[in-house]
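Both ligands and their constituent atoms are indexed starting at 1 by order of listing.
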Amino acid sequence: MADKLSKIGFNVPADKILSPITAVIEVIKENKYRPYVLVNEKVRGEFDRFDQSDPDIVVVGDAEEHFTYENMNKTFKLLVGGDRKFFCLGKGKYYKDSGELNVDLGCFVVGLEYSSQVQAEVIGKPSPVFFNQAASLLGMSPRDLVMIGDDVEGDVGGSMRAGLQGILVKTGKFREKDASHPTVTPTSTMSDTRKVTIIGSGNWGSAIAKIVGSNTSRHSDLFDKQVRMWVFEEEVDGQKLSHIINTTHENVKYLPGITLPENVLAVPDVVESVTDADILVWVLPHQFVKRICSQIKETIKPGAVSLSCIKGLQDSSEIALISTLIREELGTECSVLMGANIANEVAKEEFSEATIGCNDAAMCQVYQNLFTTSYFRTNAVQDKDTVELCGALKNIVAVAAGFIDGLGLGGNTKAAIIRIGLNEMKMFCKLFSENSKESTFFESCGVADLITTCYGGRNRKVSEAFVKSGKSLEALEAELLGGQKLQGPMTAKEVYHVLQSKGITSSYPLFRSVYEICYEDKPVKSLLDNLSLS
Ligand SMILES: NC(=O)C1=CN([C@@H]2O[C@H](COP(=O)(O)OP(=O)(O)OC[C@H]3O[C@@H](n4cnc5c(N)ncnc54)[C@H](O)[C@@H]3O)[C@@H](O)[C@H]2O)C=CC1
Ligand SMILES: O=C(CO)COP(=O)(O)O
């Protein structure tokens, strides 16, 4: 018990822990009883010090697999066969473990009481005696103590009968009907709802806010309803964008025509937006992440977690993920969500899928609750790095696809670009991690995102215009995207620096060509020349 408590941050010495076991041991010692004990192996040894021959009392605790017919029958015979006291170490109905309800000790005790006609004396919850023992151990009056628990009868009812205040937490084994229990009215209840903040409010950021806002309302038992969305403040038609969003519930600049849920609150101060947040959802162009991290790192709530929807890499000679940057800068675990998700289509509720990359099974479920809707299906995989790399790398392939469209070439060439691009993506992922799973490329974050971006994305659009207009990528980004940002060329540079430092640029003709066309003024045609030579 002491070890378990210390793992969750409570360093309590073993001799300061009052459990039903310690309480019954005191009773046995005081009365010099000879117990017959039906408990599990973990606590069996605690009773070795007592003479257990010719027992004069019966003690039943949580015996787990020892609740066999044989053991139950032996206990029954002792109870009916003599004038023995019957002690039980609790009378709970059920407990929750690994997300499931399991039958608890009370079921076996009540069965023995029924058959033997001997009433058990409860040492432990919900017996008021037990709570009074705790109070006297602390040298305090019961009315100055608070019991916090998820069992409305065992924790809250029992402690309140002993004069303590009882707080019912709406977590663990709590069930909705416990809130209106016929005989127990808790002093107060507390829920474990997580506060969510979205860092970013661009095209995808706003679409994500629409999804998350509707889900925090739908799952109000899991999440705080209000979702704060950090807005990089700017003026639109003489008004502050955050003000427009909060009054019209529309991000008129980055996602016009889509109504955001009213529980999404635009917050222009990034520090204020993340204060007390439990889940930080990152959705902003990747070039801004580092600066934002340094602004908020002192404010992050201990235990907060991050999820990144950002497609890009850090610029480094080694492969450096954006989720790693967030984790290292803030000390929060960082999962990812990537997929075939052109923001405007998702915002219009056209059916789409996404992949959650998260290596913690329990958090996968939390994120699925936060992101899944009837039109946005999510699948969680425990291959986070591959999911994230797919999201970043497909933007380079989309730039190449745009070049092909700009050159006026047809479907065969585009398909070849997608196939070759997918191969380079896989090679690059393997370079980062041998454990990268083949199956992840068949999730939404893999082939599906590659296809949609190569046909409908911004990288494709601007790259096509680059070929046709002869203008610079920066000029076209400003001209065609209305403030939205292009990630593909930048990612090509980030990937090129890794390949260069490893001396393997020639193994990646597509990635290399995109970089050379974007940053070294190579002709667009060199892409096809390099691919046919490889
Ligand atoms: N738009 C889409 O369809 C999708 C985008 N993504 C990814 O999501 C991420 C975010 O993309 P979007 O939300 O579309 O953003 P966006 O491309 O609409 O970018 C504009 C956003 O950047 C902000 N911004 C501009 N200058 C800034 C600065 N100096 N500091 C901080 N913020 C600044 C703007 O206020 C605006 O919120 C990117 O990594 C993108 O690849 C992923 C899936 C779909
Ligand atoms: O990532 C996207 C779709 O999944 C959006 O891609 P673009 O940035 O090229 O529009």
Side-chain angles (χ1 to χ4, degrees), residues 198-211 229-236 240-242 245 251-256 258 266 268 270 273 281-296 307-314 321-323 325-326 336-348 350 352-355 371 376 387-388 390-402 443-464 473 477-478 480-492 494:
I198 298 173
I199 303 178
S201 52
N203 187 229
W204 187 221
S206 304
I208 282 286
K210 177 178 169 181
I211 291 174
M229 175 175 77
W230 172 61
V231 172
F232 179 72
E233 193 68 288
E234 58 189 295
E235 296 247 320
V236 178
K240 288 197 159 81
L241 182 58
S242 61
I245 296 174
N251 187 339
V252 290
K253 175 151 184 188
Y254 293 103
L255 193 62
I258 300 294
V270 72
S273 75
V281 178
W282 292 81
V283 209
L284 74 166
H286 70 285
Q287 58 268 38
F288 305 129
V289 175
K290 194 162 186 163
R291 184 171 50 78
I292 299 301
C293 281
S294 64
Q295 282 177 252
I296 62 174
L307 176 136
S308 165
C309 305
I310 298 167
K311 294 175 177 172
L313 292 174
Q314 299 182 59
L321 306 176
I322 295 296
S323 64
L325 171 66
I326 294 170
V336 298
L337 179 144
M338 307 279 145
N341 303 139
I342 302 284
N344 295 332
E345 297 175 22
V346 176
K348 282 191 270 174
E350 294 176 16
S352 310
E353 294 184 307
T355 314
F371 291 102
F376 194 66
V387 175
E388 183 170 1
C390 278
L393 298 173
K394 64 85 198 176
N395 278 339
I396 310 176
V397 188
V399 173
E443 296 289 340
S444 181
C445 64
V447 183
D449 195 9
L450 197 51
I451 293 171
T452 197
T453 319
C454 287
Y455 283 90
R458 301 169 298 187
N459 284 290
R460 189 220 64 82
K461 179 177 169 180
V462 172
S463 305
E464 179 186 33
L473 288 166
E477 180 183 64
L480 298 177
L481 298 187
Q484 295 181 33
K485 302 286 180 203
L486 208 56
Q487 307 292 293
M490 218 180 297
T491 309
E494 289 144 8

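- The main-chain N or O of C445 is found under 3.5 Å from a side-chain atom of T355 such that the two form a donor-acceptor pair.
- Within the 4.5 Å cutoff, the side chain of Q314 has no heavy atoms near those of the L321 side chain.
- The immediate protein surroundings of ligand 1, defined as residues with any heavy atom under 4.0 Å of it, consist of S201, G202, N203, W204, G205, W230, F232, E234, Y254, V283, L284, P285, F288, R291, C309, I310, K311, N341, I342, A343, R458, G483, Q484, K485, Q487.
- Between L284 and W230 there is a side-chain heavy-atom pair separated by less than 4.5 Å.
- E234 is linked by a side chain to side chain donor-acceptor pair (under 3.5 Å) to K253, Y254, counting only residues two or more places apart in sequence or in another chain.
- Each of R458, K394, R460 was compared with T453 under the side chain to side chain contact (heavy atoms under 4.5 Å, CB included) criterion, and only K394 meets it.
- Inclusion of N459 in the set of residues having an N or O under 3.5 Å from an N or O of ligand 2 is warranted.
- For the residue pair N344/N203, the side-chain donor-acceptor check at 3.5 Å is satisfied.
- Proximity of T453 to ligand 2, defined as any heavy-atom pair under 4.0 Å, is confined to the side chain (atoms from C-beta onward).
- Here the side chains of W282 and C309 are not in contact, with every heavy-atom distance at 4.5 Å or above.
- The protein heavy-atom contact nearest to atom 8 (O) of ligand 2 is R458 NH2, 3.1 Å.
- Contact between K394 and ligand 2 is present, with at least one heavy atom of the residue lying under 4.0 Å from the ligand.
- Residues F371 and V281 meet the side-chain proximity criterion, which asks for heavy atoms closer than 4.5 Å.
- Of all non-hydrogen atoms in A207 and L255, the two that sit nearest each other are N-CD2, 3.5 Å.
- For atom 4 (O) of ligand 2, the closest non-hydrogen atom on the protein side is D449 OD1, 2.6 Å.
- Considering backbone and side-chain N/O of G339, one or more are found under 3.5 Å from N/O of ligand 2.
- Side chain to side chain, E494 and H286 meet the donor-acceptor criterion of an N or O pair below 3.5 Å.
- At a heavy-atom cutoff of 4.0 Å, ligand 2 is contacted by no atom of Q487, backbone or side chain.
- Contacts of K311 with ligand 2, taken as heavy-atom pairs under 4.0 Å, involve the side chain alone.
- The shortest side-chain heavy-atom distance between M229 and V231 falls under the 4.5 Å cut-off.
- Per-residue contacts place G457 under 4.0 angstrom from the following atoms of ligand 2 (heavy atoms of the residue considered): 9 (O), 10 (O).
- Of the N or O atoms in N341, one or more lie within a sub-3.5 Å distance of an N or O in ligand 2.
- For ligand 2 and I342, the ligand atoms under 4.0 Å from any heavy atom of the residue are 3 (C).
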